[in-house]
Amino acid sequence: MSVLKEKKILLGITAGIAAYKTASLVRLFIKLGAEVKVVMTPASKDFITPLTLSTLSKNPVHSSFYTKEDENELWNNHVELGLWADYMLIAPATANTLSKMANGVCDNLLLATYLSAKCPVYFAPAMDLDMHAHPSTTESLEKLQSFGNLLIPATSGELASGLMGEGRMAAPEDIVSFIEKDVLDTLPLKGKKILITAGPTYEAIDPVRFIGNHSSGKMGFAIANVAASLGAQVSLISGPTNQQAKHASIHRVDVTSAQEMHTAVHLCFKEMDIAILSAAVADYKPKNIATQKIKKAAGSLDIELMPTKDILASLGKVKKHQFLVGFALETNNEIENAKAKLKRKNLDLIVLNSLKDKGAGFATDTNKITIIDQDLNKINFELKSKVLVAEDIIKEIILRVNK
Ligand code: CTP
């Protein structure tokens with residue numbers, strides 16, 4: 001899956017012959033699952049039509065500050081467009097636009113949008129070789145990069161003038177790969193290996209029955225998806241659940257019992273950087289598993305239970321460089337119990353759910369958490385969807401791991 005999936009890309013097109021290639025560029029972004037909006041300089045419409053671009057991007061294309069609709073003039077809000085984007089790309093970027101961008105000139109919608117954008121801005125110059133080699137262009141390129149904008153260099157080859165040399169806009173495929181690679185390189189969890197446990201465990205009583213719990217796995221899967229989308233390589237060890245992992249860099253291992261989860265976790269823990277144990281592991285299992293289905297009989301049935309291995313505590317004992325995160329589901333004396341668990345299991349962070357909070361805990365789509373760190377700092381969060389809670393948890397981990 002591309003890092004650009006579900007990302008909002010604002011494409012700014014200026015008046016160079018390479019503008020005809022932006023049709024392919026839009027298609028490539030859309031194919032990767034990105035959302036695309038286009039702003040054009042008025043003169044660029046001589047090189048490619050707004051209709052082509054609005055059809056391919058499935059969004060209206062703007063080139064002036066106002067759009068006439070029936071009798072009304074609608075303001076095309078450059079601030080909104082600039083803030084909408086996760087990434088802005090100006091391609092082709094002519095010498096004229098580059099110079100204006102470098103000097104804060106703002107005489108069309110594209111330039112006003114550029115000045116309003118807070119996201120990373122990429123630009124792909126395209127012009128004839130002498131224009132490209134001119135000191136004023138070099139100065140614009142340097143100045144724009146010093147502002148933090150990201151240059152996708154022009155390439156060498158045959159130019160529209162018939163001359164050979166440097167000034168061709170990078171090919172659409174190369175522009176997309178450049179941005180994907182750059183985005184990947186800057187992800188905060190790039191290169192990090194993260195182990196996540198999720199879901200319940202089932203402890204067999206006989207071949208058809210088990211002791212289990214109501215954990216849905218939603219919280220652990222949400223954490224795995226967020227971590228992967230921020231560049232991590234995730235090993236997701238999950239008990240029985242119908243949740244689906246959404247990311248190619250999630251390696252899922254399915255287990256059933258606490259013992260199987262314990263084995264799978266210890267197999268990979270050594271090479272991990274971070275471990276987040278969100279599974280609702282059974283604390284007890286039947287001491288003996290009947291080999292045949294237990295027949296109904298008069299009177300009560302006693303099943304002797306014995307403790308399972310505490311996976312989190314066992315990692316706390318062997319951890320070296322790893323950042324270890326546990327969960328605590330409490331019903332009373334929550335903060336004190338969570339703090340004690342953090343110390344007892346040698347954790348770096350504990351995520352507390354209180355069953356007293358409405359909408360928190362098992363089988364819901366929402367959760368309300370408090371995070372406690374090793375210094376016993378306490379961070380309270382509002383009730384949120386589990387996806388947003390996962391983002392909060394990962395943010396707090398990144399703050400401490402990347403310190
Ligand atoms: N956990 C684990 N292995 C177990 C039991 C729990 O790895 N056998 C982990 C859970 O994944 C969670 C944390 O330990 O991250 C806390 O689990 P919880 O059941 O709240 O705590 P316990 O230590 O079991 O204590 P208690 O049930 O007494 O509150």
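Order of listing sets the numbers, starting from 1, for every ligand and every atom in it.
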Tell me the salt bridge (charged side-chain N to carboxylate O under 4.0 Å, His left out) pairs involving residues 188-200, sequence neighbours left out?
Asp185-Lys190

Lys/Arg-Asp/Glu bridge criterion (N-O < 4.0 Å) met for Asp310, Lys345:
yes

What are the atoms of ligand 1, with element, lying closer than 4.0 Å to any heavy atom of Gly326?
15 (O)

Please determine whether any non-hydrogen atom of Thr197 lies less than 4.0 Å from an atom of ligand 1.
no

Asp283-ligand 1 polar pair, N/O distance under 3.5 Å:
yes

Considering non-hydrogen atoms only, spot the tightest contact between Ile179 and Phe29 and give its length.
CD1-CZ, 4.1 Å

Among the heavy atoms of His262, does any lie under 4.0 Å from an atom of ligand 1?
no

To check your reading of the model: name the closest protein heavy atom to atom 16 (C) of ligand 1, its residue, and the distance in Å.
Phe327 O, 2.7 Å

Looking just at side-chain N and O atoms, do Asp373 and Asn377 make a donor-acceptor pair shorter than 3.5 Å?
yes

Is there a nitrogen or oxygen of Val281 sitting under 3.5 Å from a nitrogen or oxygen of ligand 1?
no

Do Asn213 and Tyr202 have side-chain atoms, one donor and one acceptor, less than 3.5 Å apart?
no

When you look for heavy atoms under 4.0 Å from ligand 1, do you find them on the side chain of Lys345, its backbone, both, or neither?
side chain

Counting both backbone and side chain atoms, is some N or O of Leu277 under 3.5 Å from an N or O of ligand 1?
yes

Does a donor on one side chain and an acceptor on the other come within less than 3.5 Å for Asn380 and Thr370?
yes

Relative to ligand 1, is Asp310 under 4.0 angstrom through side chain, backbone, both or neither, heavy atoms considered?
both

Can you find a side-chain donor-acceptor pair between Thr52 and Thr49 that sits under 3.5 Å?
yes

For atom 28 (O) of ligand 1, is the nearest protein heavy atom under 4.0 Å away?
no

Check the side chains of Glu180 and Ser2 for a donor-acceptor pair under 3.5 angstrom, ignoring hydrogens and angles.
yes

So, Ser229 versus His247: side-chain donor-acceptor pair below 3.5 Å or not?
no

Please state which protein non-hydrogen atom is closest to atom 9 (C) of ligand 1 and give its distance, to 0.1 Å?
Leu312 CB, 3.8 Å

Out of Lys309, Lys285, Lys341, whose heavy atom sits nearest atom 18 (P) of ligand 1?
Lys341

Counting heavy atoms under 4.0 Å, the part of Asn337 that contacts ligand 1 is neither

What do you reckon, does Ala279 put a non-hydrogen atom under 4.0 Å from ligand 1?
yes

Atom 3 (N) of ligand 1 [closest protein heavy-atom partner, distance rounded to 0.1 Å]:
Ile311 N, 3.0 Å

Carboxylate-amine/guanidinium contact Glu396 Arg400, below 4.0 Å
yes

Show me which atoms of ligand 1 lie under 4.0 Å from any heavy atom of Thr308.
8 (N)

Does a donor on one side chain and an acceptor on the other come within less than 3.5 Å for Lys143 and Asn103?
yes

Under 3.5 Å between some N or O of ligand 1 and some N or O of Ala328?
no

